[in-house]
Amino acid sequence: MADASVQPRRRSGGIVINDDWPGYSLDLFNYPAHYSGDLECVIVPHGVIMDRTERLARNIMDDLGDHDIVVLCVLKGGYQFCADLVDRIKALSHNSSRSLPMRVHFIRLKSYRNDQSTEDLHILGAEDLSFLADKNVLIVEAIVGTGKTMKTLLKHVEAFRPKMIKVAGLLVKRVAQNSACLPDYVGFEIPNHFVVGYALDYNEYFRDLNHICVISESGKMKYKV
């Protein structure tokens with residue numbers, strides 16, 4: 001699927017957060033009072049997310065600059081990361097001799113019930129992606145766990161014969177059953193915790209949290225369906 005004229009440099013898997021790292025104390029940050037008792041810690045503060053996103057935007061510009069691309073934003077969890085990433089790519093394009101023309105399309109994936117991934121994957125808004133034929137596609141996803149969902153999505157997108165597909169993922173979880181379907185651009189590699197915030201949810205809660213946090217067991221019970 002790769003365009004021979006665009007070969008990105010080999011990159012690391014993102015900023016690695018070790019399994020034994022306890023995270024930042026919630027007392028160090030502002031967060032909505034209605035989530036008091038629902039969180040264990042802050043694992044990635046909002047400001048760090050912003051700095052890393054700018055670096056990813058620069059990497060994408062280095063690799064794909066001057067190539068017209070279609071950004072495929074994976075909802076709902078990816079909307080904030082996608083918006084911030086696109087904003088930073090636009091800013092770089094405005095202040096550089098290179099530019100990256102972009103169009104943005106939205107699709108939605110749903111595979112979780114409470115904190116468990118299910119085999120029942122729904123892809124909404126992606127029934128007809130024929131407009132991707134011969135296009136350069138950048139899939140923007142908030143989090144990749146086992147990689148099964150991303151593998152399914154890539155197979156679906158490939159069926160419409162795009163010229164090239166790249167994936168930007170803010171978070172990659174270290175999980176035993178990872179299928180090695182990893183993004184080309186990774187923000188952070190994190191332990192296998194259930195995280196919320198920055199548009200990542202638990203049964204539609206916590207999207208209004210700026211930081212990426214680990215949900216507490218009491219929080220899981222409180223919002224369980």
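Remember, it's a predicted structure, so these values are computed and weren't measured experimentally.
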Sidechain-backbone polar pair: [X] side chain, [Y] backbone, donor-acceptor under 3.5 Å:
X	Y	value
R52	V186	yes
H46	H211	no
Y35	F206	yes

Validation row: [X], [Y] side chains within 4.5 angstrom (heavy atoms):
X	Y	value
E40	H193	no
I212	L170	yes
D87	K90	yes
L154	V167	yes
V196	L39	yes
V42	L28	no
L129	H156	yes
N136	L64	no

Taking all heavy atoms of [X] and all of [Y], pick out the closest pair and write down the distance.
X	Y	result
I17	I190	CD1-CG2, 3.9 Å
G169	P183	N-CB, 3.6 Å
G78	C73	O-SG, 3.8 Å
R98	M61	NH1-O, 3.2 Å
V157	P162	O-CD, 3.4 Å
G37	S216	O-OG, 3.0 Å

Task: Check ion pair E158-K155 (N to O, under 4.0 angstrom) - done: no
TODO: From the options I139, T149, V140, select the one residue that forms a side chain to side chain contact (heavy atoms under 4.5 Å, CB included) with V74.
DONE: I139
Task: Residue Y24 excluded, over 12 heavy atoms near OH under 6.0 Å - done: no
Open item on the list: I'd like to know whether CG of D19 has more than 12 heavy-atom contacts from other residues, nucleotides or ligands below 6.0 angstrom.
Closed with: yes
- [ ] Check the side chains of Y202 and D38 for a donor-acceptor pair under 3.5 angstrom, ignoring hydrogens and angles.
- [x] no
Task: Trace of the salt bridge (Lys or Arg N to Asp or Glu O under 4.0 Å) decision for K76 with D201 - done: CA-CA 9 Å; K76 295 182 181 178; D201 78 305; over 6 Å; no
Can you measure from [atom1] ([X]) to [atom2] ([Y]) and round to the nearest 0.5 angstrom?
X	Y	atom1	atom2	result
K135	I165	NZ	CD1	13.5 Å
L209	F29	CG	CZ	11.0 Å
Y185	N59	OH	CG	7.5 Å
F188	I43	CZ	CD1	10.0 Å
I60	I89	CD1	CD1	4.5 Å
K173	N192	NZ	CG	5.5 Å

TODO: For residues H105 and F131, establish whether the separation of their ring centroids is below 6.0 Å.
DONE: yes
Open item on the list: Centroid separation under 6.0 Å, is that true for the rings of Y205 and Y223?
Closed with: yes
- [ ] Kindly determine whether K224 and K220 satisfy side chain to side chain contact (heavy atoms under 4.5 Å, CB included), including the steps that lead there.
- [x] CA-CA 6 Å; K224 186 177 181 179; K220 291 179 183 178; over 6 Å; no
Open item on the list: Run the side chain to side chain contact (heavy atoms under 4.5 Å, CB included) test on F81 and T53 for me, step by step, so that the C-alpha distance in whole Å, both residues' side-chain angles and the decisive distance to 0.1 Å come before the verdict.
Closed with: CA-CA 8 Å; F81 174 49; T53 299; 3.9 Å; yes
- [ ] Check step by step if side chain to side chain contact (heavy atoms under 4.5 Å, CB included) holds for M50 and R88.
- [x] CA-CA 9 Å; M50 294 297 96; R88 276 147 186 78; 3.5 Å; yes
- [ ] Please check if M221 and F194 belong to a single hydrophobic cluster, counting links between Ile, Leu, Val, Met, Phe, Trp and Tyr side chain heavy atoms closer than 4.5 Å.
- [x] no
TODO: Treat each ILVMFWY residue as a node, draw an edge where side-chain heavy atoms are under 4.5 Å apart, and state whether L182 and V16 are in one component.
DONE: no
Task: Any residue meeting side-chain hydrogen bond (donor to acceptor under 3.5 Å, both in side chains) with D27, in chain and number order, not counting sequence neighbours - done: none
Task: Audit row: Q80, I49, side chain to side chain contact (heavy atoms under 4.5 Å, CB included) steps and yes/no - done: CA-CA 11 Å; Q80 191 64 66; I49 299 170; over 6 Å; no
